[in-house]
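Just follow the structure's listing: the first ligand is 1, and inside any ligand the first atom is 1.
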Amino acid sequence: MLVDRRGQVGHVIVGDARTIALPDWGRMRAGRGRLRGLRLVHTHLGDEPLTADDLTDLALLRLDATVAIGTAKTGDPALAYAAALSVSADADEPIERLDPVPPGQLDFDFQEWIREREEALARPARTRAVGEAERAVLVSVTTGRNRGDAEMQIAELRELTRSAGVEVVDLISQHRHRADPKTLLGAGRLQDLVVHALWSDADLVIFDQDLTPTQARNLGERLELRVIDRTQLILDIFAQHATSRDGKLQVELAQLKYRLPRLAQRDGSLSRLAGGIGGRGPGETKLEVDRRRVRERVARLERELKQLRKGRESRRKQRKRQGLPVLSIVGYTNAGKSTLLRALTRSKVHVEDKLFATLDTASRRLRFPRERDVIITDTVGFIRDLPADLMAAFRATLEELDDADLFLHVVDVATPDLDRRIEAVHRVLDEIGLADTPEILVFNQMDRMPQGVGSAIAVRHRGVAVSALNAEGLQELLERVATTLFEEDIPAFRRHRLQIGVEGTGV
Ligand SMILES: Nc1nc2c(ncn2[C@@H]2O[C@H](COP(=O)(O)OP(=O)(O)OP(=O)(O)O)[C@@H](O)[C@H]2O)c(=O)[nH]1
Ligand SMILES: [Mg+2]
């Protein structure tokens, strides 16, 4: 039976020995941070306590309480086992169980009890102000043997979340032998997730691992919260930061391509959802329409991007005719690439302590002594496991790198997983066929390290240590550039002292 707050029986459901099918919850949706307003009282065929499935339903459906009444050998009711979600964030367990008693002795003021619990739950919600950032629970599930760098991964997910303007309110992590194909997380951690999201009044859940369309759908439905994965988060950041026409179109294209299989997948399994919850969501016809629209839009975007690409190509050709060497700044996101461009050219390109602050290539002219000019370009940052759709969409932007005679590969020297990041950048360069372009490793942000440490790391990697922010080490860097590009020996340059001049932005 499903019993509402007034004590009225709304549904009587007859199941079989193994399962009961609960009704469609569509119209009985709980508000955010609230319980459903329904308690489930059901019988078990033996004198058996609440099962794992009972507790999963309790959590996922956010029931007020669940009660199982066992049956004695005689056929009489045995004990009543009751449980509810823990309402205090200090609780050790997501679920609170009452001591089993014969059903007749399950005697307390339910109205009062549930009122207190809802109040405890509503407390975090009340402190929220209008215009406040969205709140997210982060989830990380590592599998098999690849748990080694889980902490770094989580730290990076936090940074990505912050860059998207979302506040992190909680973290759930799990190491599993194998990912659950339906929900990624195991049932127990899923309960934890529901309860933590409830406690922290979260608006969305962000998974560090990419979700299959099926997992995304299952989780969204069970949590009744927006569920996104790392790829979507990165796409969101890109969408927020895109400024040029090119950038906006590329991001939109990547987003649509990511969404398409998720739309297509949905209707195939509308009929039966796990846990006996009736199917809901938009009907097939609407999905058909959605899918067609998305495909049309994808085609249009691709056409438009092709046009823009032509313009870009002719600009590149023109530049080539000028015969100027091209220096491209590449590196992991937030390493300080734009800051370095600024420092070198004293220009005002956009710098921000956010991942993927730069999405568009910006080129400036850099003047070396003896009238030798170089084009220097700033590019979009890289990240490990760059989503494939995004790579494809940004291929056009990355094509600019084809022209580079030399890469300035900027590394944040203060990051603990520096080697991994260098490797991640090399992997992307390799994927776009540019592994052979010479590079100078630039260990930036040395001001954040104790004296001498940055330079020591740079020496070990045969790079140059700089602080783009404080304009330190730039002279040495430029000398290295000059020797590499013009094959001139350093002493000759020392005599001249490098005077860099900067010219307009119309490259
Ligand atoms: N302390 C210190 N901070 C720096 C230095 N260089 C850059 N930063 C800071 O690092 C943050 C990121 O700098 P950006 O230049 O935007 O980095 P980016 O590599 O262009 O980043 P994306 O475009 O987002 O990939 C900013 O807050 C900068 O002020 C440095 O030498 N020292
Ligand atoms: Mg930048």
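Atoms of ligand 1 found under 4.0 Å from any heavy atom of Phe356, numbered from 1 in the order shown, are 24 (O). Interface of Ala468 with ligand 1, defined as ligand atoms under 4.0 Å from a residue heavy atom, comprises 31 (O). The distance from ligand 1 to the heavy atoms of Lys354 drops below 4.0 Å at these ligand atoms: 24 (O). Close approach of ligand 1 to Arg448 is summarised as follows: ligand atoms under 4.0 Å from at least one heavy atom of the residue are 1 (N). Listed by number with element, the atoms of ligand 1 under 4.0 Å from a non-hydrogen atom of Ser467 are 31 (O). Numbered from 1 in the order shown, with element, the atoms of ligand 1 that lie under 4.0 Å from a heavy atom of Asn334 read 11 (C), 12 (C), 17 (O), 18 (P), 19 (O), 21 (O), 22 (P), 24 (O), 25 (O). Proximity to Gly381 (heavy-atom distance under 4.0 Å) selects the following atoms of ligand 1: 25 (O). Within the listing of ligand 1, atoms 15 (O), 18 (P), 20 (O) sit less than 4.0 angstrom from a heavy atom of Ser338.
Among residues two or more places apart in sequence or in another chain, the salt bridge (Lys or Arg N to Asp or Glu O under 4.0 Å) test is passed with Asp436 by none. Not counting sequence neighbours, Asp180 has no partner by the salt bridge (Lys or Arg N to Asp or Glu O under 4.0 Å) test. Every side chain to side chain contact (heavy atoms under 4.5 Å, CB included) that Asp417 has, sequence neighbours left out, goes to Met152, Arg384, Thr415, Arg420, Arg421.
Between the Gln153 side chain and the Asp208 main chain, no donor and acceptor come within less than 3.5 Å of each other.
Donor-acceptor pairing under 3.5 Å is lacking for the side chains of Asn334 and Asp412. A donor-acceptor contact closer than 3.5 angstrom is absent between the side chains of Thr183 and Asn218. In summary, the side chains of Glu439 and His426 do present a donor paired with an acceptor at a separation below 3.5 Å, with no hydrogens or angles considered. No donor-acceptor contact under 3.5 angstrom links the side chains of Asp170 and Ser200, judged on distance only.
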Starting from the C-alpha separation in whole Å, work towards a yes-or-no answer on side-chain hydrogen bond (donor to acceptor under 3.5 Å, both in side chains) for Gln191 and Thr56.
CA-CA 6 Å; Gln191 283 171 21; Thr56 302; 3.3 Å; yes
Run the side-chain contact (heavy atoms from CB on, under 4.5 Å) test on Leu253 and Leu305 for me, step by step, so that the C-alpha distance in whole Å, both residues' side-chain angles and the decisive distance to 0.1 Å come before the verdict.
CA-CA 10 Å; Leu253 185 61; Leu305 279 165; 3.7 Å; yes
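For atom 24 (O) of ligand 1, the closest non-hydrogen atom on the protein side is Ala357 N, 2.5 Å. Scanning all protein heavy atoms for the shortest distance to atom 27 (O) of ligand 1 gives Asp353 CB, 3.2 Å. When hydrogens are left out, the protein atom nearest atom 18 (P) of ligand 1 is Lys337 N, 3.4 Å; that is the closest non-hydrogen contact. Scanning the protein heavy atoms around atom 1 (N) of ligand 1, the nearest turns out to be Asp447 OD2, 2.8 Å. The nearest heavy-atom contact from the protein to atom 10 (O) of ligand 1 is Gln445 NE2, 3.5 Å. Protein heavy atom in closest approach to atom 6 (N) of ligand 1: Asn444 ND2, 3.1 Å. Here the protein heavy atom with the shortest distance to atom 17 (O) of ligand 1 is Gly336 N, 3.1 Å.
Cation-pi geometry between Arg372 and Phe486 is satisfied (NZ or CZ under 6.0 Å from the ring centre, within 45° of the ring normal).
Not a single heavy atom of Gly331 sits under 4.0 Å from any atom of ligand 1.
Between Lys248 and Glu252, none of the side-chain N atoms (NZ, or NE/NH1/NH2) sits under 4.0 Å from a carboxylate O, so this pair counts as no salt bridge. No salt bridge links Arg162 with Glu167; every basic N to acidic carboxylate O contact stays at or beyond 4.0 Å.
Residues Val428 and Met391 form a side-chain contact, since some pair of their non-hydrogen atoms from C-beta on lies under 4.5 Å apart.
Under 4.0 Å from ligand 1, not a single heavy atom of Arg342 appears. Neither the backbone nor the side chain of Met446 has a heavy atom within less than 4.0 Å of ligand 1.
Checking Leu355, Leu469, Leu341, Thr339 against atom 14 (P) of ligand 1, the nearest heavy atom belongs to Thr339. Selection from Ile237, Val351, Thr333 by nearest heavy atom to atom 28 (C) of ligand 1 gives Val351.
Closer than 2.8 Å to the Mg ion (ligand 2) sit the protein N, O or S atoms Ser338 OG, Thr358 OG1.
Here the closest non-hydrogen pair linking Val464 and Gly473 is CG1-O, 4.2 Å.
The aromatic rings of His461 and Phe443 lie tilted to each other, with the angle between the two planes from 30° to 60°.
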